[in-house]
Visitor: 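Just dropping this structure here.
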Amino acid sequence: MTEPAPILALDGITKTFPGVKALSDVSLSLFPGQVTALVGENGAGKSTVVKILTGIYQPTEGRILVDGAETRFPTAQAAADAGITAIHQETVLFDELSVAENIFLGHAPRGRFGLIDWPELMRKARALLDEIGAEIDPSHKLKDLGIANKHLVAIARALSIDARVVIMDEPTAALSHKEIQELYALVEQLKAQGKAILFISHKFDEIFRIADNFTVFRDGQFVGEGKIADVTNDTLVKMMVGRDVSHVFPDRTPVFGDTVLEVSGYDHPTEFADIAFSLKKGEILGFYGLVGAGRSELMQALFGITRPTRGEIRIDGQTTLIHSPADAVAAGIVYVPEDRGKQGAITALPIFQNVTLPSISRTSRRGFLRLAEEFKLAREYTERLDLRAASLDTNVENLSGGNQQKVVIAKWLATRPKVIILDEPTKGIDIGSKAAVHEFMAELAAEGLAVIMVSSEIPEVLGMSDRILVMREGRIVAEVSGDDRTPETLVRHAAGISEG
Amino acid sequence: MNSTSHFVPDRLQSPLARRLKSWETLLLGVAVAIFIANSFASPYFLNAWNLSDATFNFTEKAMIAFAMALLIISGEIDLSVASIIALASTAMGAAVQLGVGTPGLVAIGLGVGLAAGAFNGFLVTRLGLPSIVVTIGTMSLFRGIAFIVLGDQAYRGYPESFAYFGQGYVWWVLSFELVLFAVLAVIYGIVLHKTNFGRAIYAIGNNPTGAVFSGIRVQRVKFTLFLLTGLMSGIAAICLTSRLGSTRPSIAVGWELEVVTMVVLGGVSILGGSGSIPGVVIAAFVMGLVTFGLGLLNVPGIVMSIFIGAMLIAVIALPRLWTMWRRH
């Protein structure tokens with residue numbers, strides 16, 4: 001059988017952002033009536049590719065080919081006109097509008113005087129919903145639908161432009177088992193209609209269930225492609241993560257002290273269940289898992305942001321109640337969140353005020369500020385982290401991502417914590433700052449601080465952690481240490497793939 | 001910058017230099033200009049007793065404005081302050097009929113203010129309701145109670161010693177109210193600018209989520225601010241009732257908007273996060289001088305409110321126009 005010509009192809013695409021190369025010379029081909037799975041870790045460049053295909057980003061170099069002819073998508077509309085549509089997890093829908101309006105927003109059928117032709121709109125919406133097997137009344141308001149039906153509306157919206165290429169970005173993340181089966185049926189139907197499908201997923205079982213071809217990216221580079229029938233789980237995992245992971249990380253000879261933190265029977269109604277682990281002084285404990293595995297939610301519960309339904313925290317052997325971040329800080333647990341701008345720092349305030357905010361009782365006397373003491377404390381900790389800034393009076397919003405992260409870490413170290421939780425500590429920061437943060441973590445552990453690091457970057461988890469807990473769907477599914485610490489083990493546990 | 005050494009200085013700009021370029025300095029210029037204009041416009045303006053009388057135009061409102069400034073900087077607002085005055089004044093008036101003396105009246109005024117503030121604070125911080133909606137509700141509620149109790153009647157017969165708060169003089173032309181205004185200005189200035197509590201207010205106003213994640217007890221701080229605003233409304237109720245010598249249910253009607261105007265005119269961002277007490281103090285003088293000057297010129301009240309409204313829009317629009325102009 002001869003291979004059909006691709007409907008859509010990327011050839012030698014490079015995309016650079018200031019200071020970062022998101023994609024480097026990647027290629028991708030999508031064939032009519034076939035499903036191509038795009039596989040890679042977080043940060044491999046998958047979402048950048050989707051944004052280039054849908055006209056949101058412009059490639060720095062390389063060609064986009066539609067039916068073999070070079071073309072450009074200067075706007076999202078241009079991509080839509082070429083018949084490319086995407087179903088995102090977070091497709092923007094409007095709660096207060098009807099299902100039909102949501103589906104045809106921006107390209108509703110028009111009648112006389114350019115007014116919306118409502119009967120035609122309802123008829124077309126009903127036809128589309130029937131086509132994908134969704135039993136939804138198009139006149140209902142979107143807010144009355146459940147999450148799964150909203151997802152079907154998003155799919156109908158994507159198909160409402162007469163699409164030839166359908167991109168599905170983690171389409172099953174919010175769906176139940178039954179709905180996933182229905183989605184598979186829909187994918188089969190789209191294939192039969194000769195549409196090309198790009199399927200992005202972290203779940204290997206569904207990739208092997210639904211895809212015909214695969215393409216693997218790693219760190220923004222093309223690694224390989226082929227027929228799904230020709231590969232195994234293992235080959236794919238190796239292609240995803242295969243690389244030398246140890247050389248850039250600081251050398252450590254960890255010395256563990258007493259157990260400082262013990263968590264047991266920790267439950268949350270929706271985010272995690274049955275969590276138990278312990279942590280020693282001087283230890284770096286890594287938490288690995290896919291996005292949505294419940295790691296951040298667990299950490300925020302430990303820090304008192306959300307409340308677990310039950311469970312116990314013991315610090316230095318003492319049962320400790322944590323009902324608020326203030327309690328957590330008092331107990332010696334601090335949290336460096338993933339979202340620096342919103343949660344980590346008060347970016348409109350100067351550096352020194354950010355650093356002293358949680359330790360203000362130490363720099364002040366009887367509730368009165370002492371600026372000289374504040375500058376002293378801020379200087380002490382920002383110098384340790386090698387912060388680069390015009391002055392300590394500069395607002396945090398004027399710093400680079402890496403330096404903002406240093407301010408957040410400095411602010412928590414200044415409280416002299418027992419346990420520091422770092423949530424994706426190097427996400428979105430430049431290589432130089434990354435290395436500085438890693439070295440600093442090693443230094444802190446050497447000084448006897450207990451460190452919890454949540455990270456989705458496999459090299460970082462492997463390179464920094466003494467022990468790794470893998471979470472999946474809100475539970476700790478594996479503890480990985482010693483010789484088991486391989487990328488393959490982590491990915492297998494995180495994605496729930498059985499051995500072999 | 002030198003790459004081998006990267007010493008980070010504490011500040012690049014001295015606090016004095018920063019102050020000179022500030023909104024407060026601009027506002028002070030406006031105040032002086034209005035003062036001079038007034039003294040040319042009316043021969044009666046430059047008279048110590050007339051000027052002293054003029055301060056009554058703003059002292060009571062400004063007392064509330066100090067607490068309101070803190071509340072708005074923290075990202076909340078209280079529109080029920082004028083109604084709290086009505087409620088507190090009605091309670092004091094009712095107590096007078098029962099023969100309660102001056103110390104008792106003061107306690108009742110302060111107590112009602114605190115209770116009303118606590119009620120607002122509870123609804124906002126405990127039930128998580130938006131303060132603008134809650135206090136529009138309590139604005140009607142509190143004044144409604146005063147109307148039910150009083151109807152078209154008025155309470156009179158306040159004891160003679162009670163008159164001191166609104167009509168007494170500490171020394172020469174310096175009224176008790178003016179002195180209280182000055183003392184409160186200093187206290188609020190210190191609380192906002194020199195204490196941990198003040199720092200927390202700025203942090204909350206700039207980023208409430210970040211403040212929670214920094215271990216600040218955000219709801220507790222906000223509750224305290226509602227309590228303070230209620231208390232200041234109670235103090236204003238005592239001064240105003242004492243000055244008028246009677247209580248009608250329509251007492252202080254519309255003051256909430258004048259208080260908010262004063263706060264915003266003083267440079268407090270209505271979105272929260274920035275502003276200062278010196279700014280509010282100067283804004284109080286500006287508003288007092290404008291109303292007094294227009295009064296001397298026999299401008300009718302409705303024109304006066306048009307003028308104040310136009311001034312508010314102008315001062316809010318000016319900084320934005322200024323930055324737009326500088327960008328081009």
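All figures in this text were calculated on a predicted structure; none of them were measured in a lab.
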Visitor: Pull out the residues in residues 346-356 of chain A that come under 4.5 Å of chain B, heavy atom to heavy atom, sorted by number.
Guide: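 Against chain B, the residues of residues 346-356 of chain A that fall inside the cut-off (heavy atoms, under 4.5 Å) are A:I346, A:A348, A:L349, A:F352, A:Q353, A:T356.
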Visitor: Starting at CZ of A:R340, measure out to CZ of B:F213 and round the result to the nearest 0.5 Å.
Guide: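 The CZ atom of B:F213 is 14.0 Å from CZ of A:R340, to the nearest 0.5 Å.
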Visitor: Taking every heavy-atom pair that is under 4.5 Å apart, which of A:I360, A:T415, A:V329, A:V334 has the most such pairs with chain B?
Guide: A:I360
Visitor: Taking all heavy atoms of B:P9 and all of A:A390, pick out the closest pair and write down the distance.
Guide: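 Heavy atoms only, the tightest pair is CD-O, 3.1 Å.
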Visitor: Report yes if the side chains of A:S391 and B:D10 come closer than 4.5 Å at any heavy-atom pair, otherwise no.
Guide: no
Visitor: Look at atom CD of A:E447 and say whether more than 12 heavy atoms of other residues, nucleotides or ligands are closer to it than 6.0 Å.
Guide: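 Yes, because the 6.0 Å sphere around CD of A:E447 holds more than 12 heavy atoms from other groups.
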Visitor: Under 4.5 Å, counting heavy-atom pairs only, tell me which of B:N206, B:V191, B:I190 racks up the most with chain A.
Guide: B:N206
Visitor: Is there a side-chain contact between B:R199 and A:L357 in this structure, where contact means two heavy atoms from C-beta onward sitting under 4.5 Å apart?
Guide: yes
Visitor: Counting only heavy atoms not in B:I132 (residues, nucleotides, ligands), do more than 12 fall under 6.0 Å from its CD1?
Guide: no
Visitor: Less than 4.5 Å apart, any side-chain heavy atom of A:L369 and any of B:N196?
Guide: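 Heavy-atom side-chain distance check passes, below 4.5 Å.
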Visitor: Check the surroundings of atom CZ in A:F277: do more than 12 heavy atoms from other residues, nucleotides or ligands lie under 6.0 Å from it?
Guide: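 Counting neighbours around CZ of A:F277, more than 12 heavy atoms of other residues, nucleotides or ligands fall under 6.0 Å, so yes.
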Visitor: Please classify the contact between A:E397 and chain B as side chain, backbone, both or neither, with a heavy-atom cut-off of under 4.5 Å.
Guide: neither
Visitor: So do the side chains of A:R370 and B:K194 get within less than 4.5 Å of each other, counting heavy atoms only?
Guide: no
Visitor: Which atoms form the tightest heavy-atom contact between B:T209 and A:Q343, and what is the distance?
Guide: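 That closest heavy-atom pairing would be CG2-CG, 4.0 Å.
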Visitor: Quick one: does any side-chain atom of B:N207 pair with a main-chain N or O of A:K342 as donor and acceptor, under 3.5 Å?
Guide: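 Judged by distance alone, yes, a pair lies under 3.5 Å.
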Visitor: For chain B, which of A:V408, A:T382, A:I305, A:T394 has the most heavy-atom pairs under 4.5 Å?
Guide: A:I305
Visitor: So, taking the atom named OH in A:Y335 and the one named OG in B:S214, what distance separates them when rounded to the nearest 0.5 Å?
Guide: 12.5 Å
Visitor: To the nearest 0.5 Å, what is the distance between CZ on B:F197 and CZ on A:F368?
Guide: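 Output value for this atom pair is 12.5 Å.
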Visitor: Heavy-atom cut-off 4.5 Å, strictly under: side chain, backbone, both or neither for B:R217 against chain A?
Guide: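 Answer is side chain: those atoms of B:R217 sit under 4.5 Å from chain A.
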Visitor: Considering only heavy atoms, which portion of A:D327 lies under 4.5 Å from any heavy atom of chain B: side chain, backbone, both, or neither?
Guide: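 For A:D327, backbone and side chain are both near chain B.
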